[in-house]
There are 2 protein chains.
Amino acid sequence: MAMTLTQQPTAELEASLKAIASERRLQILEWLKDPKAHFPPQEHGDPDEHGACNQFIVDKLGVSQPAGSRHLKVLVDADLIIATPIKGWTYYRRNEEAIHALTSRLSNDL
Amino acid sequence: MAMTLTQQPTAELEASLKAIASERRLQILEWLKDPKAHFPPQEHGDPDEHGACNQFIVDKLGVSQPAGSRHLKVLVDADLIIATPIKGWTYYRRNEEAIHALTSRLSNDL
DNA sequence: TGTCTAAATAACAGGTTAGTTATATGGCTA
DNA sequence: TAGCCATATAACTAACCTGTTATTTAGACA
């Protein structure tokens with residue numbers, strides 16, 4: 001096989017873990033598994049393709065707009081969700097590859 | 001089958017994640033995979049059975065004694081390592097069951 | 001071009017984390 | 001039982017996190 005998976009350094013693992021070590025952000029990731037089930041219908045941006053929009057997520061979190069946006073930014077910075085701006089709104093979806101890479105590494109290395 | 005794994009609440013998952021979201025504590029868990037390979041020989045407490053003693057871990061971390069002990073306490077409180085006091089020393093080993101339960105849950109739920 | 005609005009940034013407060021040094025605790029051991 | 005030594009606790013500081021309100025930015029569109 002000779003799979004040469006160059007492993008990210010421990011510092012990046014720590015960053016990913018800090019990103020998910022938050023009830024709010026775990027909740028966001030959970031909601032984004034099925035945006036149509038958890039958020040109202042939206043005009044632009046197919047929920048299945050692009051995810052849910054910033055406002056819906058912020059509202060559902062029940063925090064202020066800047067607080068919600070910052071939680072989303074933490075997840076984006078950790079590469080666990082992907083942002084897509086469309087016509088003035090920003091949609092967020094899970095980065096399933098990165099999430100799987102993280103859980104795999106934890107299963108193997110922790 | 002009917003496996004009724006009563007799932008711990010999200011708050012506890014957050015606590016476990018916070019416990020491992022630290023380079024220092026990830027390092028400790030890594031060392032404890034093979035105490036004999038990472039720490040000097042110790043008089044009491046079989047490394048394979050009880051793990052490595054507080055002092056060795058603190059020394060290897062390179063922080064003060066209270067700082068090191070507190071990192072260990074965080075991992076103990078999260079049930080990820082197990083403390084065994086023997087003749088005045090305290091030995092720490094990995095709680096493989098709990099660690100596996102955590103990585104399993106993350107693989108399934110994240 | 002000018003306005004509207006979603007999202008980002010700034011500035012601040014309160015709580016938590018991680019480090020320090022100093023001190024207390026408590027079980028061995030002589 | 002007296003002292004010692006490993007560990008825990010206390011007290012403090014600096015940095016970080018999460019929330020707030022106010023303001024800025026920038027794309028859409030009329």
Side-chain angles (χ1 to χ4, degrees), chain A residues 10-11 14-29 35 39-45 47 50-78 80-93, chain B residues 10-11 14-29 35 39-45 47 50-78 80-93:
Chain A
T10 307
E14 182 192 336
S16 300
L17 289 170
K18 282 188 194 302
I20 61 172
S22 152
E23 282 200 72
R24 290 246 150 84
R25 294 192 290 267
L26 287 171
Q27 182 73 81
I28 293 171
L29 289 170
F39 300 101
Q42 56 201 24
E43 296 180 25
H44 316 283
H50 298 112
C53 87
N54 185 301
Q55 282 203 325
F56 287 166
I57 299 172
V58 168
D59 286 352
K60 194 151 179 141
L61 278 177
V63 296
S64 65
Q65 176 264 319
S69 283
R70 193 166 43 196
H71 280 302
L72 288 164
K73 178 169 164 40
V74 170
L75 290 170
V76 168
D77 288 348
L80 296 172
I81 63 175
I82 296 166
T84 308
I86 300 177
K87 312 221 176 177
W89 284 264
T90 305
Y91 297 89
Y92 295 93
R93 68 181 189 277
Chain B
T10 308
E14 183 191 334
S16 300
L17 288 171
K18 281 189 195 301
I20 60 172
S22 150
E23 281 200 74
R24 289 248 150 85
R25 294 191 290 268
L26 287 171
Q27 181 73 83
I28 292 171
L29 289 170
F39 300 101
Q42 55 201 25
E43 295 180 25
H44 316 285
H50 298 111
C53 86
N54 185 300
Q55 281 204 325
F56 287 166
I57 299 172
V58 168
D59 286 352
K60 194 152 178 143
L61 278 178
V63 295
S64 66
Q65 177 265 317
S69 284
R70 194 166 43 196
H71 280 301
L72 288 163
K73 178 170 166 38
V74 170
L75 290 170
V76 167
D77 288 348
L80 296 172
I81 62 175
I82 297 166
T84 309
I86 299 175
K87 312 218 177 180
W89 285 264
T90 305
Y91 298 88
Y92 296 92
R93 68 179 188 278

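Sequence lines set the chain letters: A, B, ... in the order given, protein chains first and strands last, and positions in each chain run from 1. Heavy-atom basis, side chains included; hydrogens, waters and symmetry copies ignored.
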Heavy-atom donor-acceptor pair, A:Arg25 side chain to A:Lys18 backbone, under 3.5 Å: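 Yes, because the side chain of A:Arg25 sits within donor-acceptor range (under 3.5 Å) of the backbone of A:Lys18.
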Min side-chain heavy-atom separation [X]-[Y] under 4.5 Å:
| X | Y | value |
| --- | --- | --- |
| A:Thr90 | A:Leu72 | no |
| B:Trp89 | B:Asn54 | no |
| B:Asp59 | B:Phe39 | no |
| A:Arg93 | A:Thr84 | yes |

Measure distances between side-chain N and O atoms of B:Gln65 and base N and O atoms of D:dA8, and say whether any donor-acceptor pair falls under 3.5 Å.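 For B:Gln65, whose side chain was compared with the base of D:dA8, there is a donor-acceptor pair (under 3.5 Å).
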Could you pick out which residue, B:Pro66 or A:Val63, lies toward the 5' side of DNA chain D when each is mapped onto its nearest nucleotide?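 This one resolves to B:Pro66.
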Assign each of A:Ala67 and A:Lys18 the nucleotide of DNA chain D bearing its closest heavy atom; nearer the 5' end lies the nucleotide of A:Lys18
Could you check how far [atom1] of [X] sits from [atom2] of [N], rounded to whole Å?
| X | N | atom1 | atom2 | answer |
| --- | --- | --- | --- | --- |
| B:Leu72 | D:dA8 | CG | P | 8 Å |
| B:Glu23 | C:dG19 | CD | P | 11 Å |
| B:Leu61 | C:dT20 | CG | P | 10 Å |
| A:Glu14 | C:dT17 | CD | C1' | 12 Å |
| B:Ile20 | C:dA18 | CD1 | P | 13 Å |
| A:Trp89 | D:dA28 | CH2 | C1' | 8 Å |
| B:Leu26 | C:dA18 | CG | P | 12 Å |
| A:Lys87 | D:dA30 | NZ | P | 11 Å |

Parallel under 30°, tilted from 30 to 60°, perpendicular over 60°: which one fits the rings of A:His50 and A:Tyr91? tilted
Between [options], spot the one nearest the side chain of [X], thanks.
| X | options | result |
| --- | --- | --- |
| B:Gln55 | C:dA22, C:dG19, D:dT7 | D:dT7 |
| A:Arg25 | D:dA22, C:dA6, D:dT18 | D:dT18 |
| B:Arg70 | C:dA18, D:dA6, C:dA8 | C:dA18 |

Which is true for [X] with a 4.0 Å heavy-atom rule: it touches a base, it touches only sugar-phosphate, or it touches nothing?
| X | result |
| --- | --- |
| B:Ser64 | base |
| A:Phe56 | nothing |
| B:Pro85 | nothing |
| B:Thr90 | sugar-phosphate |

Please confirm whether the shortest side-chain N or O distance from [X] to OP1 or OP2 of [N] is below 4.0 Å.
| X | N | value |
| --- | --- | --- |
| A:Asn54 | C:dA7 | yes |
| A:Ser69 | C:dA8 | yes |
| B:His71 | C:dT17 | no |

